[in-house]
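Reviewing the structure listed below.
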2 protein chains.
Amino acid sequence: MPASITYTYEYPRPALTVDCVVFGFEVGVGVGVGVGAAFKVLLIRRKLPPYEGQWALPGGFVQMEESVEAAAVRELQEETGVKDVFLEQLYTFGAVGRDPRDRTVSVAYYALINLQSHPVQAATDASDARWFKLFELPKIGAKIETVLGFDHAEILDCALARLQAKIRYEPIGFELLPKAFTLSQLQRLYEQILNRPLDKRNFRKKLLKMDLLIDTGQQETGVAHRAAQLYQFDLEKYRALKQRGFSFEL
Amino acid sequence: MPASITYTYEYPRPALTVDCVVFGFEVGVGVGVGVGAAFKVLLIRRKLPPYEGQWALPGGFVQMEESVEAAAVRELQEETGVKDVFLEQLYTFGAVGRDPRDRTVSVAYYALINLQSHPVQAATDASDARWFKLFELPKIGAKIETVLGFDHAEILDCALARLQAKIRYEPIGFELLPKAFTLSQLQRLYEQILNRPLDKRNFRKKLLKMDLLIDTGQQETGVAHRAAQLYQFDLEKYRALKQRGFSFEL
DNA sequence: ACAAAAGTGTTATGATTACACCCATGG
DNA sequence: CCATGGGTGTAATCATAACACTTTTGT
């Protein structure tokens with residue numbers, strides 16, 4: 001702790017931090033045995049007080065020479081090794097008592113990452129990062145939350161609510177899948193996030209009718225059943241349609 | 001400027017402010033001549049540099065002993081005299097150069113007020129507050145924006161986009177109307193905010209079918225044509241339905 | 001040959017759109 | 001008696017929801 005260098009202001013200032021809720025989706029693994037899809041959040045174990053040893057959202061202080069969003073990108077990379085992912089501002093948490101040490105206001109972000117192309121460094125400079133399943137068992141969401149420090153359970157709830165709402169009217173679910181995916185993987189993703197079953201035929205009909213999925217001509221390999229067609233989301237076409245008033249709706 | 005009392009920190013801290021986008025809706029006035037509805041924003045004229053003399057969003061610094069939201073409520077009251085209104089967090093603006101003097105991060109809110117019950121103090125402690133019409137003429141939105149200081153034009157655009165989106169799936173439009181209103185006033189409100197015409201019969205059918213409007217039994221008075229029925233929005237019932245999965249959709 | 005998931009159409013119902021005239025009131 | 005906006009119904013189209021069997025592949 002440098003006792004010498006300090007910064008002085010005429011009025012007191014809250015500390016400003018960012019926190020990131022990082023969501024990932026494990027598509028059902030190939031071999032048939034491996035079983036089901038899982039929707040997950042990335043947490044890191046705190047090495048310092050307060051809440052030392054407990055799990056928390058990755059995050060940290062906003063520096064003077066970076067934008068708030070840049071701080072979120074940086075902290076995500078530093079604490080989890082994750083970069084180049086979908087990141088969107090969620091909400092700013094500014095209650096007076098939310099940090100027991102100091103007045104701290106935190107701008108929360110949420111990130112969507114595809115576990116195939118972004119393997120997480122489980123430990124970056126000795127920090128401990130781990131994926132936790134949401135909805136693993138009935139109300140394990142609640143279990144996780146009792147373990148989270150600060151108001152991070154509230155932030156996680158807020159992020160989940162946002163994702164559940166937004167995935168229905170923006171094509172952001174694709175950020176959680178590999179570039180090429182099957183329609184069943186996409187359906188399982190929606191089912192996991194919305195936490196309810198969807199009708200297979202209606203789901204496929206609706207998505208294919210939008211004409212935003214490109215058939216890659218490739219198929220799944222190494223599965224013990226009929227191989228599924230692989231598709232890619234046509235982001236270019238989506239952007240063009242959106243300009244003209246098209247709305248992605250599931 | 002008190003030169004003596006200061007606050008020092010080990011690391012530099014951005015200043016933290018709030019800004020409020022206050023929307024109001026002028027229902028068409030009674031007498032037939034008075035003409036049309038108008039959708040408006042409340043701005044204040046800056047008395048101090050930077051951007052002295054220009055128009056800006058009401059706002060100010062977050063104090064240590066108040067939540068960020070409380071700061072927004074307080075600033076709104078201090079600068080415009082408005083209180084007890086719908087207020088929701090919009091977005092946090094944290095670009096590095098957004099304030100020319102100092103690194104400042106601003107949490108923006110938007111408020112919806114009903115001009116009947118909340119007349120604005122045009123001047124509170126000598127500050128100058130005024131309503132500006134959005135969409136007054138084609139692209140006068142752009143005209144206002146050239147006059148706004150900081151990144152307030154961007155904040156205003158963001159608030160407008162949010163309102164346009166949200167009014168379609170949450171019953172927040174009622175915040176802009178008097179408690180009792182006619183269906184035509186409500187329709188004009190939607191038309192103004194969404195900036196497109198709606199079919200009268202379909203609009204009424206849809207709203208009445210939801211069964212969330214209470215017929216007050218009262219009628220409009222002082223109009224030079226058949227008097228319209230006055231309705232109130234049934235907030236209690238809406239909350240109950242929402243719990244059970246109902247979604248307000250226009 | 002069995003297990004496991006892929007793929008595929010039809011029908012019934014409800015929602016959305018488009019559209020034009022008579023009514024009540026005040027001036 | 002005229003001008004102004006209030007109030008009303010129907011028919012065509014489109015979107016949604018419910019539902020079951022055959023196909024392909026690996027073991």
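From a predicted model like this one, the values you see are computed outputs, not experimental measurements. In what follows, chains are A, B, ... by sequence order, proteins preceding strands, each numbered from 1.
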To the nearest angstrom, how far is [X] atom [atom1] from [N] atom [atom2]?
| X | N | atom1 | atom2 | value |
| --- | --- | --- | --- | --- |
| B:L208 | C:dT16 | CG | C1' | 16 Å |
| A:K209 | C:dT8 | NZ | P | 16 Å |
| B:F203 | C:dT17 | CZ | P | 13 Å |
| B:E249 | C:dT16 | CD | C1' | 13 Å |
| A:Q219 | D:dT23 | CD | C1' | 12 Å |

- Message: If the cut-off is 4.0 Å, is A:S184 near the phosphate of C:dA5, judged by side-chain N/O to OP1 or OP2?
- Response: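 Indeed not, no polar side-chain atom of A:S184 lies that close.
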- Indicate the ring-plane relationship of B:F23 and B:F39, choosing parallel, tilted or perpendicular according to the 30° and 60° boundaries.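 Ring orientation of B:F23 relative to B:F39: parallel.
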- Residue pairs fulfilling salt bridge (Lys or Arg N to Asp or Glu O under 4.0 Å) with at least one residue in residues 196-219 of chain A, sequence neighbours excluded: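 Non-adjacent pairs meeting salt bridge (Lys or Arg N to Asp or Glu O under 4.0 Å): A:D211-A:K237.
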- Message: Tell me if the aromatic rings of B:F233 and B:F181 count as close, with their centers under 6.0 Å from one another.
- Response: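 Aromatic pair excluded; centres sit 6.0 Å or further apart.
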- State whether the distance check finds a donor on one side and an acceptor on the other, under 3.5 Å, for side chain A:R201 versus base D:dA20.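 A donor-acceptor contact between them is present.
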- Message: For a quick check of understanding: with a heavy-atom distance under 4.0 Å over all strands, which category does B:K205 fall into, base, sugar-phosphate or nothing?
- Response: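 Since a base atom lies under 4.0 Å of B:K205, the category is base.
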- Task: Classify the nucleic acid contact of A:E220 as base, sugar-phosphate or nothing, counting any heavy atom under 4.0 Å across all strands shown.
- Result: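 It contacts nothing in the nucleic acid.
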- Which nucleotide in C:dA24, D:dG7, C:dA6 has an atom nearest any side-chain atom of A:H225: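 Closest nucleotide among those given: C:dA6.
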- Task: Can you sort out the partners of A:K242 under salt bridge (charged side-chain N to carboxylate O under 4.0 Å, His left out), two or more places apart, ordered by chain and number?
- Result: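 A:K242 satisfies salt bridge (charged side-chain N to carboxylate O under 4.0 Å, His left out) with A:E170 once adjacent residues are dropped.
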- Item | Given DNA chain C, 5'-ward residue of the pair B:K206 and B:D199, judged by closest heavy atom |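 In this pair, the answer is B:K206.
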- Closer to the 5' end of DNA chain D via nearest nucleotide, is it A:K200 or A:R226?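 Counting from the 5' end, the first nearest nucleotide belongs to A:K200.
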